[in-house]
Amino acid sequence: MLNFFRLAWKISRGFWKSEGKWYARLLAVTVIALQMLNVYVMVQYNMWQNQFYSTIQEMNSARFFHLFLYWPVFTLIFLVVDVNKLYLQQMLEVRWRTWLTNYYLQEWLSKRTYYLMQILDYGTDNPDQRISEDVRLFVSYLLELSFGLFRSTLTLASFIVVLWNLSGVVDLTVGPYEISIHGYMVWVAILYAVAGSWLTAVVGNSLIRLNFVQQRYEADFRFSLIRLRENGEGIAFYNGEHRERASFTKRFQFIIENFRDLMSGQRKLSYVTLLHWRLSFLLPYLISVPRIFEGKMQLGGLFQTATAFTQVEQSLSFFIDKFYSMNEASLAELQAVTQRLSSFAENIGSMHETAIRNSITISHTPGGLLGIAGLSVELPTGEVLLKNLELEVRAGDSLLITGASGSGKSTLMKTLAGIWPFGQGQIRIPEGESMLFLPQKPYLPLGTIREILAYPAASGFFTEQKLREIMAMCKLGEFMDRLDENGNWSQILSLGEQQRIAFGRAILHRPQWLFLDEATSALDEQTEMAMHRLLHEQLSGSTIISVGHRSTLLEYHDRILNITEAGSWKLSA
Ligand SMILES: Nc1ncnc2c1ncn2[C@@H]1O[C@H](COP(=O)(O)OP(=O)(O)OP(=O)(O)O)[C@@H](O)[C@H]1O
């Protein structure tokens, strides 16, 4: 239990010390103050009841009606306090969740943690679920349980003494008959609850749809996060983090907007449910008041008991529902969520350490030169893939990297892109020159073909005419009329078509350095040659470094780096 509090505080403290801390603290203090006010007014109400019934016992009807005027005042205070307490609690929840989601997104995207987690797999399952579902549950459960515990403790302490001192048998008049019914309040309560449930169902109807939509938005948000995890490599090659971030923010916005509608709907429903709850205090009085005027009964004690009983019963059921029931266990769920979030944060930390430990130094130097000195590329296990590579590639050169399957060609490309941290040596990157990496399986973001072609630039970056021209060159003419069609194109297009889209992207972006990692593997030899010819024509000044198996590629490259057995290599012209 102590460990749970420690972990929960570790996850929470950032928010309570963040930029918006004063507003958050003000919201929390206001909710607590409203809760205290609520309990205070409840005690006043209970005292008012004493006076009220004494007046009835004295058969002083004038004073009775005078005291009765206090009831709407109490009711109004209860309604305004309770409804707004919930609303403010939800405002705090929205702010806290937004902060915590942004925090985890920032940590997950920084230092390419999302990609390192994918290649190292230190046991963080579904990071997307941690960010979308667990953060939501953590914030909502923690607030609900903390405020609920506070309120119930205060109420229980205030009313348990009252109930202890008041008890008795309930006498009831039904028409001409006087009967004593044990459990009378229970029957009234059951009927009243059924009526309340029906009314709640009618007023709360719109909440069902809103909840449904909310779940869909949550799932959409989660799915977009899953896509980043699945396509980590492609996004890392494109440095597409900023575009991904924009897409996440947009989807998260839908969640928050719908949640605001939910909050308004819930506010309406709360007026009904809380009015129902408030009326339940009046009901026993209304039923019994005629007999008091007849002087046949002294019901003050009974109704006081009823009020105190309701308060004590509700406070106690909070403990039972939220704390002691291990089946429904909100606390158990909160503990699990806390555990999942803190292990996720720990794994992010160890990924950041891995990135820092990276002993491959990448520097940016002027002069249009890619220089590699003493570069050894390793696997996370320490196994060496490539030993002591010395290589210089000048602007305008072209280099083909060959070698048996599994020899480490793709890993060398990842190292040059700066996304593979395992190994030693120095890489000098030409300063201020644009670089583009095309992997074997291109990354296609969700959206239209126009957005996909422009990626990682924004969709409006290139003119329609330019896009059509490039599509014609890359033999993608059949999709020209579908430029603005939304779809999961990575599922629709063939790998060859996807690779031609990546070529189109390269020509659009005109990088000074282009790295192709088996980027034409799915094309037939003729189309492959046509694509390379196109690159040479369109990007004549660019340096091209390719990984490939086919001999047809030799024609388009000046030099060959062949990775041979056990990490050795050979450079030939
Ligand atoms: N994340 C990883 N963890 C452990 N081993 C890895 C990881 N990524 C790659 N490897 C291993 O590194 C070796 C080199 O892989 P790489 O993809 O660089 O080979 P390649 O020469 O490009 O192969 P191919 O020609 O088949 O594409 C392979 O044995 C592969 O199993």
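Numbering of ligands and ligand atoms starts at 1, following listing order. The chain is numbered in sequence order, starting from 1.
- Here the CD1-NZ distance, from I348 to K111, works out to 11.0 Å after rounding to the nearest 0.5 Å.
- Protein heavy atoms are absent from the space less than 4.0 angstrom from atom 31 (O) of ligand 1.
- The side chain of E518, and not its backbone, has at least one atom closer than 4.0 Å to an atom of ligand 1 (non-hydrogen atoms only; side chain from C-beta on).
- Here is the list of ligand 1 atoms found below 4.0 Å of a heavy atom in G408: 14 (C), 18 (O), 19 (O), 20 (P), 21 (O).
- Distance remark: protein heavy atom present below 4.0 angstrom from atom 6 (C) of ligand 1.
- Taking the centre and axis of the six-membered ring of W22, the NZ or CZ atom of R25 falls inside the cone set by 45° and 6.0 Å.
- If you check each of E383, E378, K409, Q440 against atom 25 (O) of ligand 1, the one with the closest non-hydrogen atom is K409.
- Atom 12 (O) of ligand 1 has its closest protein heavy atom at L379 CD2, 3.2 Å.
- Under 4.0 Å from ligand 1, heavy atoms of T411 appear from its side chain as well as its backbone.
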Determine, step by step, whether R260 and E257 satisfy the salt bridge (charged side-chain N to carboxylate O under 4.0 Å, His left out) criterion, reporting the C-alpha distance in whole Å, the side-chain angles of both residues, the deciding distance to 0.1 Å, and the verdict. CA-CA 5 Å; R260 286 191 200 284; E257 275 164 14; over 6 Å; no

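- Counting the atoms of ligand 1 from 1 in the order shown, those under 4.0 Å from a heavy atom of A404 are 21 (O).
- The shortest side-chain heavy-atom distance between E497 and E478 falls under the 4.5 Å cut-off.
- In terms of N/O distances under 3.5 Å, ligand 1 is approached by G406.
- Residue H549 approaches ligand 1 through these ligand atoms, each under 4.0 Å from one of its heavy atoms: 25 (O).
- When only non-hydrogen protein atoms are considered, atom 8 (N) of ligand 1 lies nearest to W420 CH2, 3.9 Å.
- For atom 17 (O) of ligand 1, the nearest non-hydrogen atom of the protein is S410 CB, 3.6 Å.
- For atom 4 (C) of ligand 1, the nearest protein heavy atom (residue, atom name, distance) is P380 CD, 4.1 Å.
- Relative ring orientation between H509 and F462 is described as perpendicular, the plane-to-plane angle rising above 60° on a 0-90° scale split at 30° and 60°.
- At least one N/O-N/O distance between S405 and ligand 1 falls below 3.5 Å.
- Between W96 and F15, the ring planes are parallel. Angles under 30° get that label, and only those over 60° would be called perpendicular.
- Note: F479 and W489 have perpendicular aromatic rings, judged against thresholds of 30 and 60 degrees for the angle between ring planes.
- The shortest non-hydrogen separation linking P456 to H242 is O-NE2, 3.7 Å.
- Checking Y455, F515, Y443 one by one against Y238, the ring-ring contact (aromatic ring centres under 6.0 Å, His included) holds for a single residue, Y455.
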